[in-house]
Amino acid sequence: MDILLRQERARKVVSLELERTFAFLKPESVVRGLIGEIVSRFENKGLKLLAAKLIQMSDEQARNLYSVHNGKPFFEELVTHVTSSPVFLMVWEGPNAISITRNLVGATNPANAAPGSIRGDFALTVTANAVHASDSIENAIRELSIFFAPAEITNYVKPTEQRFLLK
Ligand code: IDP
Ligand code: MG
């Protein structure tokens with residue numbers, strides 16, 4: 001390929017607007033031994049993992065995370081569920097990472113989630129729907145800040161990253 005064309009393509013990649021999103025594998029995914037399989041969906045898509053950890057979510061963290069749902073009929077059940085055993089927290093980065101991740105995850109109710117999506121393939125009920133993913137840039141920042149200190153968010157370049165994004 002012509003060197004100028006290569007350089008032009010490289011510039012386009014560099015100028016791609018990257019987003020960060022927050023996601024976590026809910027207790028049922030951890031206890032079912034699905035961490036690797038579900039994380040692979042994100043990795044295969046090409047998203048870059050910036051941070052991850054397995055934690056026991058506190059009641060306070062769960063109420064803060066889901067504060068927008070406070071007062072809804074399912075709120076207490078949701079808080080009880082996500083604090084019932086460890087969850088696997090992740091920060092992912094990539095172009096359009098928010099909407100790409102929401103599409104990977106699938107519809108909130110697994111009964112409506114398309115086969116091929118994480119909820120479509122690994123979940124049966126709306127409470128135990130395998131995974132959480134932020135729905136906007138603002139919420140991603142708010143949610144990841146509940147669980148990760150700035151120093152825990154890594155910054156690195158994958159050797160194949162630029163070539164991969166060109167495809
Ligand atoms: P999302 O996780 O797809 O963004 P939200 O509407 O933000 O969906 O709801 C947060 C979580 O609350 C869902 O993932 C699900 O576990 C739970 N939830 C939402 N709606 C219901 C419901 O109608 N009944 C029971 N649980 C629900
Ligand atoms: Mg939501």
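Just follow the structure's listing: the first ligand is 1, and inside any ligand the first atom is 1. For clarity, every value in this text was computed on a predicted model and none was experimentally measured. Sequential numbering from 1 along the given sequence is applied to the chain's residues.
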request  = Quick one: look at His69 and ligand 1, take heavy-atom pairs under 4.0 Å, and tell me if it's side chain, backbone, both or neither.
outcome  = side chain
message = Please determine whether side-chain contact (heavy atoms from CB on, under 4.5 Å) holds for the pair Thr21 and Glu143, giving the CA-CA distance in whole Å, both sets of side-chain angles, and the decisive distance to 0.1 Å.
response = CA-CA 9 Å; Thr21 192; Glu143 292 173 2; over 6 Å; no
key: ligand 1-proximal atoms of Leu78, by part, heavy-atom distance under 4.0 Å   = side chain
message = What I want to know is whether Tyr66 and ligand 1 share at least one N or O pair that is separated by under 3.5 angstrom.
response = no
query = Is the ring centre of His132 less than 6.0 Å from the ring centre of Phe24?
reply = yes
message = For atom 2 (O) of ligand 1, what's the nearest protein heavy-atom neighbour? Residue, atom name and distance, please.
response = Arg119 NH2, 3.0 Å
task = Tell me which part of Asn129 gets within contact of ligand 1: side chain, backbone, both or neither, using heavy atoms under 4.0 Å.
result = side chain
inquiry  = Tell me if a side-chain donor or acceptor on Thr101 pairs with a main-chain N or O of Ile98 at a distance below 3.5 Å.
reply    = no
message = Please evaluate residues Lys48 and Arg20 with respect to the criterion side-chain contact (heavy atoms from CB on, under 4.5 Å), reporting the C-alpha separation (whole Å), side-chain torsions for both, the decisive distance (0.1 Å), and the verdict.
response = CA-CA 9 Å; Lys48 181 161 71 173; Arg20 288 178 180 184; over 6 Å; no
query = Is there a donor-acceptor pair closer than 3.5 Å between any side-chain N or O of Arg32 and the backbone N or O of Phe122?
reply = yes
ask   = Counting heavy atoms only, which of Thr108, Thr125, Val68, Val126 comes nearest to atom 3 (O) of ligand 1?
value = Thr108
key: N or O pair under 3.5 Å between His132 and ligand 1   = no
message = Checking Ile146 now: which residues fulfil side-chain contact (heavy atoms from CB on, under 4.5 Å) with it, not counting sequence neighbours?
response = Gln61, Asn64, Leu65, Arg142
message = Suppose we call two aromatic rings close when their centres sit under 6.0 Å apart. Are His81 and Tyr66 close by that rule?
response = no
task = Say whether Glu77 and ligand 1 are in contact under the criterion: heavy-atom distance to a ligand atom below 4.0 Å.
result = no
task = Could you establish whether Arg102 and ligand 1 come within less than 4.0 Å of each other, counting only heavy atoms on the residue side?
result = yes
query = In the protein, what heavy atom is nearest to atom 22 (C) of ligand 1, and what distance, to one decimal place, separates them?
reply = Phe74 CD2, 3.5 Å
